[in-house]
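All remarks here apply to the structure that follows.
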Amino acid sequence: VTLLNASVASHWWLLNIFFFLFINFFPSSSGSRPRDCSDIYASGQREDGIYSVFPTHLPTGFQVYCDMTTDGGGWTVIQRREDGSVNFFRGWDSYREGFGKITGEHWLGKSKSHEYLANYELRVDLEDFENSTAFAQYGTFGVGLFSVNPDDDGYPLTIADYSGTAGDSLLKHNGMKFTTKDQDNDHSENNCASFYHGAWWYRNCHTSNLNGQYLRGQHTSYADGIEWSSWTGWQYSLKFTEMKIRPTREENK
C-alpha cells in the first residue's frame with residue numbers, strides 16, 4: 001500500500017510539472033494566451049496598466065503597458081517620455097533589450113517590437129509644456145519586417161499611411177536602420193545619434209527625435225531634444241511622448 005501510494009504521488013507530481021510547463025511555455029490552441037494588448041482588450045479588459053503578453057515567436061512572454069482607452073484601446077506601448085527621469089542616450093544593446101520602468105519612462109526594446117511584424121499600426125501621442133496635445137498615426141508599422149536576422153540588419157523601420165493632427169515627422173525615416181551612439185547606421189558623415197543626443201532611425205539626420213534629451217520646452221541648441229518637427233519645430237523639446245502599436249483594424253476583424 002505504501003509503495004502504491006508513493007507511485008501515485010510520484011505520477012501526480014510529474015503530471016503537475018508537465019501541466020505547469022505546458023501552460024507557461026506553449027501557446028494554447030484556443031489562442032487564450034494574448035499576443036498583445038489588443039488580444040487582452042478583446043478578452044474584456046478595459047483598464048490601462050501592466051499585462052503579460054506572449055507573441056508567437058516568444059512564448060515565454062514579457063510584460064508591457066497597455067493603453068486601453070485611447071482611440072478604442074488595445075494599444076501596446078513601446079516608448080514613453082514624461083519627466084526626464086530615465087537616460088535615453090544609450091548604446092545598441094540597451095535599445096535592443098529595452099530599459100526604464102514600464103509604468104513610467106521606458107523603451108520596450110527593438111527585439112520585442114520585432115515580434116510584432118505584419119499588419120500593425122503605430123500611434124504617437126504628443127504633449128507640450130502648455131498642455132497642448134497632438135497625435136500622428138500610421139496605418140503601417142514594422143521593425144525589421146523583412147529581416148531574417150533583424151539585429152544584423154539594424155532593425156530597419158517600415159512606416160506608411162499617415163493621419164493625425166501633429167503632422168508627419170516619420171515617413172522620411174522609412175527604410176532606415178536604427179542608429180545609436182555606438183552603432184552608426186545612418187546616411188550622414190557624422191553619427192546622428194551622437195550629434196543629436198538620441199537614438200533613432202536617422203537618415204541624414206532627422207525630422208523627429210523622440211529619444212533625444214529631455215530639455216523641457218524651448219531650447220537654444222538645435223534638434224537634440226525630444227523633437228517632432230512638423231508640430232513644434234527643431235528647438236522645442238516635448239513634455240510627453242508615447243509610441244504604441246496594435247493590429248490594424250482589418251486584422252482585428
Side-chain angles (χ1 to χ4, degrees), residues 17 19-125 127 135 138 141-145 147 150-151 155 157 178 180 199-200 210-211 214 226 240-248 251-252:
I17 291 293
F19 182 75
F20 172 82
L21 292 172
F22 181 82
I23 289 297
N24 283 279
F25 293 99
F26 295 93
S28 71
S29 58
S30 64
S32 61
R33 287 161 63 84
R35 299 169 301 168
D36 52 33
C37 296
S38 178
D39 282 351
I40 296 169
Y41 185 90
S43 74
Q45 293 286 351
R46 295 293 183 271
E47 291 188 11
D48 296 348
I50 298 175
Y51 296 87
S52 293
V53 295
F54 304 88
T56 303
H57 301 293
L58 197 60
T60 51
F62 50 87
Q63 289 188 318
V64 297
Y65 191 90
C66 295
D67 176 349
M68 299 302 202
T69 53
T70 302
D71 187 33
W75 296 99
T76 302
V77 175
I78 62 173
Q79 186 257 27
R80 185 188 297 117
R81 309 295 301 276
E82 62 182 17
D83 56 16
S85 61
V86 173
N87 174 27
F88 274 68
F89 191 43
R90 297 176 180 240
W92 185 263
D93 290 347
S94 288
Y95 271 95
R96 181 181 60 231
E97 301 304 325
F99 56 85
K101 187 177 180 181
I102 297 176
T103 54
E105 292 203 326
H106 72 281
W107 174 264
L108 182 62
K110 299 189 300 293
S111 62
K112 296 184 181 75
S113 298
H114 171 68
E115 293 298 326
Y116 302 111
L117 295 173
N119 303 317
Y120 273 80
E121 60 182 331
L122 169 73
R123 181 182 172 104
V124 183
D125 282 315
E127 182 179 348
F135 75 95
Y138 297 87
F141 169 79
V143 175
L145 194 58
S147 300
D151 195 64
Y155 294 97
L157 176 68
F178 203 81
T180 57
W200 201 240
L210 298 188
N211 293 327
Y214 199 88
I226 304 170
F240 175 87
T241 75
E242 194 169 74
M243 299 173 66
K244 59 196 83 172
I245 60 174
R246 73 179 175 192
T248 57
E251 181 77 2
N252 278 323

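Note that the numbering runs from 1 along the sequence shown for the chain. None of these values were measured; they are calculated from a predicted model. Values below: all heavy atoms of this structure, side chains included; hydrogens, waters and symmetry mates excluded.
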Quick one: are S38 and W75 in side-chain contact, heavy atoms under 4.5 Å? no
Does the side chain of V77 reach to within under 4.5 Å of the side chain of L108, using non-hydrogen atoms? no
Closest non-hydrogen atom pair between S85 and D83, with its separation: OG-OD1, 2.7 Å
Give a yes or no on whether the ring-centroid distance for F99 and F88 is below 6.0 angstrom. yes
Backbone of E97 reached by a side-chain donor or acceptor of K112 within 3.5 Å: yes
Measuring from atom CD1 of I226 to atom CG of N211, what distance do you get when rounded to the nearest 0.5 angstrom? 8.5 Å
Against the six-membered ring of F240, is R81 placed for a cation-pi contact (under 6.0 Å from the centre, within 45° of the normal)? no
Could you tell me whether the side chain of E105 reaches within less than 4.5 Å of the side chain of R80, counting heavy atoms only? no
At their closest point, which heavy atom of T103 faces which heavy atom of Y65, and how far apart are they? CA-CD1, 4.4 Å
If you round to the nearest 0.5 Å, how far is CD of E47 from SG of C66? 12.0 Å
Taking the side chain as C-beta and beyond, is there a heavy-atom pair between P247 and N119 under 4.5 Å? no
Would you say F54 and P34 make side-chain contact, with heavy atoms under 4.5 Å? yes
Drop me the distance from T248's OG1 to F141's CZ, to the nearest 0.5 angstrom. 13.5 Å
K244 to D67 - nearest heavy-atom pair and separation: NZ-OD2, 2.8 Å
Quick one, L145 and V143 - any side-chain contact, counting heavy atoms below 4.5 Å? no
Measure the OH-NZ distance between Y155 and K110 for me, rounded to the nearest 0.5 Å. 6.0 Å
Strictly distance-based, threshold 3.5 Å: is any side-chain N or O of D125 a donor or acceptor partner for the main-chain N or O of E242? no
Heavy-atom pair of closest approach, residues C37 and V64: SG-CG2, 3.7 Å
What verdict does the side-chain contact (heavy atoms from CB on, under 4.5 Å) test give for T70 and F135, after you've listed the backbone C-alpha separation in whole Å, the side-chain angles of each residue and the deciding distance to 0.1 Å? CA-CA 11 Å; T70 302; F135 75 95; over 6 Å; no
Specify the closest pair of heavy atoms between R46 and T69, including all atoms of both residues, with the distance to one decimal. O-CG2, 4.4 Å
Determine whether the aromatic ring centres of residues W107 and Y95 are separated by less than 6.0 angstrom. yes
Quick one: does D36's side chain have a donor or acceptor within less than 3.5 Å of a partner on D39's backbone? yes
Yes or no on side-chain contact (heavy atoms from CB on, under 4.5 Å) for V53 and F62, after CA distance, side-chain angles and deciding distance? CA-CA 6 Å; V53 295; F62 50 87; 3.7 Å; yes
Assess R246 against Y120: is NZ or CZ under 6.0 Å from the centre of the six-membered ring, and within 45 degrees of the ring's axis? no
Okay, side chain of R96, backbone of G91: is any donor-acceptor separation there less than 3.5 Å? no
Euclidean distance, I78 CD1 relative to M243 CE, rounded to 0.5 Å: 4.5 Å
Report yes if the side chains of I245 and E121 come closer than 4.5 Å at any heavy-atom pair, otherwise no. no
Nearest atoms (heavy-atom pairs only) where Q79 meets T241: OE1-OG1, 3.0 Å
